[in-house]
S.K.: 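This structure is in structure tokens; I'll ask about it shortly.
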Amino acid sequence: MELCVRGLCKAYGGKAVLQNVSFAAGPGVTCVMAPSGAGKTTLLRILLGLEAADNGTVTGAEGCRWAAVFQEDRLLEHLDALGNLRFVLGPDLDRGKAQALLAELGLEDVGGKIVRDYSGGMKRRLALARALLAPADALALDEPFTGLDGENRLRAVACVRRAGLDKPVLLVTHDGADAAELHARIVRL
């Protein structure tokens, strides 16, 4: 699968946010890099079908099943880790695979602890696990490593890199270290 973005433009209230953005992304990690407020999240929202572009085209996304990590974790605070995964994945939840990924992300000891009692980094890793476990053709990750300390960040990077082996992963960041550690292609806005 390859996504092709050509001449994408988006403005809000007459102020251009995206101007003639063009790139292609196949399997592997593509980092969309720009300073804060430069339209990175807007680009992902357009690709996910949550917003419409003013001009330009996106091809290759027709019928694409996306999984995403947004800037907000969007977790159900009253459920534990497996409850959050079960809510999103439903019958696609493979409990063994889920527990293995949670362990890989350093969440093996959370047990039945409800998400409301998690640290910010724990919530971020659970949001990432949810996206990585979802049956998807492509991933859209908006600053997925925010709030992660050194060891947990490296764990998350390894999981994202592995996900990119067989599908496009678009990762929004302003941190060049993310792109380097992921061996990613870079798109600058």
Side-chain angles (χ1 to χ4, degrees), residues 1-75 88 120-121 123-148 153-154 156-189:
M1 163 183 214
E2 182 171 82
L3 302 169
C4 293
V5 175
R6 297 286 172 250
L8 210 62
C9 298
K10 180 69 178 177
Y12 296 104
K15 182 180 186 270
V17 177
L18 298 173
Q19 294 181 340
N20 294 316
V21 174
S22 297
F23 66 92
V29 181
T30 300
C31 282
V32 178
M33 298 185 68
S36 295
K40 300 181 303 289
T41 297
T42 298
L43 174 63
L44 287 188
R45 290 181 57 79
I46 291 169
L47 293 174
L48 291 168
L50 300 173
E51 290 197 38
D54 295 335
N55 290 303
T57 60
V58 177
T59 56
E62 304 83 12
C64 177
R65 293 175 307 162
W66 286 93
V69 171
F70 296 95
Q71 287 181 345
E72 318 81 27
D73 296 318
R74 299 183 182 189
L75 299 169
V88 172
K123 290 178 181 180
R124 199 68 180 150
R125 287 178 280 146
L126 179 56
L128 181 58
R130 183 183 55 201
L132 293 170
L133 289 168
D137 303 312
L139 291 172
L141 308 176
D142 198 345
E143 303 281 358
F145 309 130
T146 299
L148 301 186
R153 187 177 176 288
L154 291 176
V157 165
C159 292
V160 169
R161 190 179 319 128
R162 188 173 60 246
L165 293 176
D166 64 351
K167 66 182 77 167
V169 176
L170 274 76
L171 187 142
V172 160
T173 186
H174 59 271
D175 188 345
D178 291 346
E181 291 172 354
L182 290 163
H183 311 293
R185 293 179 295 276
I186 297 174
V187 172
R188 295 195 190 278
L189 297 185

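The analysis underlying the following values was restricted to heavy atoms, covering all of them including side chains, and did not include hydrogens, waters or symmetry mates.
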S.K.: I need the full list of salt bridge (Lys or Arg N to Asp or Glu O under 4.0 Å) pairs touching residues 29-39, with sequence neighbours left out, sorted by first then second residue.
M.R.: none
S.K.: Provide the closest heavy-atom pair for Gly164 versus Val29 in the form atom of the first, atom of the second, distance.
M.R.: CA-CG2, 4.5 Å
S.K.: How close do Cys31 and Leu182 get, heavy atom to heavy atom, and via which atoms?
M.R.: SG-CD1, 4.3 Å
S.K.: Where is the tightest heavy-atom contact between Met1 and Pro27, given as atom of each residue plus distance?
M.R.: O-CD, 3.4 Å
S.K.: As an exercise, state the distance from SG of Cys64 to CG of Leu47, rounded to the nearest 0.5 Å.
M.R.: 9.0 Å
S.K.: Tell me, do Phe145 and Val157 make a side-chain contact under 4.5 Å, heavy atoms counted?
M.R.: yes
S.K.: Please name all residues satisfying side chain to side chain contact (heavy atoms under 4.5 Å, CB included) with Ala11, sequence neighbours left out, ordered by chain then number.
M.R.: Asp54
S.K.: Please determine whether the number of non-hydrogen atoms from other residues, nucleotides or ligands lying under 6.0 Å from atom CD of Gln19 exceeds 12.
M.R.: no
S.K.: Kindly write out the residues that satisfy side chain to side chain donor-acceptor pair (under 3.5 Å) with Arg74, not counting sequence neighbours, or none if the list is empty.
M.R.: Glu72
S.K.: Can you name the side chain to side chain contact (heavy atoms under 4.5 Å, CB included) partners of Asp175, sequence neighbours left out?
M.R.: Arg153, Thr173, Ala177, Asp178
S.K.: Would you mind reporting whether Leu141 and Val172 have side-chain heavy atoms less than 4.5 Å apart?
M.R.: no
S.K.: Over all heavy atoms of both residues, which pair between Val169 and Ala163 is shortest? Give the atoms and the distance, please.
M.R.: CG2-C, 4.1 Å
S.K.: Mind checking whether Cys4 and Thr59 have side chains closer than 4.5 Å, heavy atoms only?
M.R.: yes
S.K.: Keeping to residues at least two apart or across chains, list the salt bridge (Lys or Arg N to Asp or Glu O under 4.0 Å) pairs with something in residues 124-133.
M.R.: Asp73-Arg124
S.K.: Going by side chain to side chain contact (heavy atoms under 4.5 Å, CB included), name the residues that satisfy it together with Ala53, two or more places apart in sequence or in a different chain.
M.R.: Leu8, Ile46
S.K.: Taking only residues at least two apart or on different chains, which pairs with a member in residues 57-66 satisfy salt bridge (Lys or Arg N to Asp or Glu O under 4.0 Å)?
M.R.: Arg65-Asp137
S.K.: Can you pull the salt bridge (Lys or Arg N to Asp or Glu O under 4.0 Å) pairs that have at least one residue in residues 161-171, sequence neighbours excluded?
M.R.: Glu104-Arg162
S.K.: For residues 36-48, which residue pairs pass the side chain to side chain donor-acceptor pair (under 3.5 Å) check, not counting sequence neighbours?
M.R.: Thr41-Gln71, Thr41-Asp142, Arg45-Glu51
S.K.: Could you check whether any side-chain heavy atom of Val160 comes within less than 4.5 Å of a side-chain heavy atom of Leu128, counting everything from C-beta outward?
M.R.: yes
S.K.: Under the side-chain contact (heavy atoms from CB on, under 4.5 Å) rule, what do Leu132 and Cys159 come out as? Steps first, then yes or no, please.
M.R.: CA-CA 8 Å; Leu132 293 170; Cys159 292; 3.7 Å; yes
S.K.: Could you tell me which non-hydrogen atom of Leu3 sits nearest to which non-hydrogen atom of Pro168, and how far apart they are?
M.R.: CD1-CB, 4.4 Å
S.K.: Measure across Leu48 and Ala140 and return the closest heavy-atom pair with its distance rounded to 0.1 Å.
M.R.: CD2-CB, 4.0 Å
S.K.: Would you compute the distance between atom CD of Glu143 and atom CG of Leu148 and round it to the nearest 0.5 angstrom?
M.R.: 11.5 Å
S.K.: Partners of Ala25 by side chain to side chain contact (heavy atoms under 4.5 Å, CB included), sequence neighbours excluded?
M.R.: Phe23, Thr30, Leu170
S.K.: Mind checking whether Ser22 and Arg6 have side chains closer than 4.5 Å, heavy atoms only?
M.R.: yes
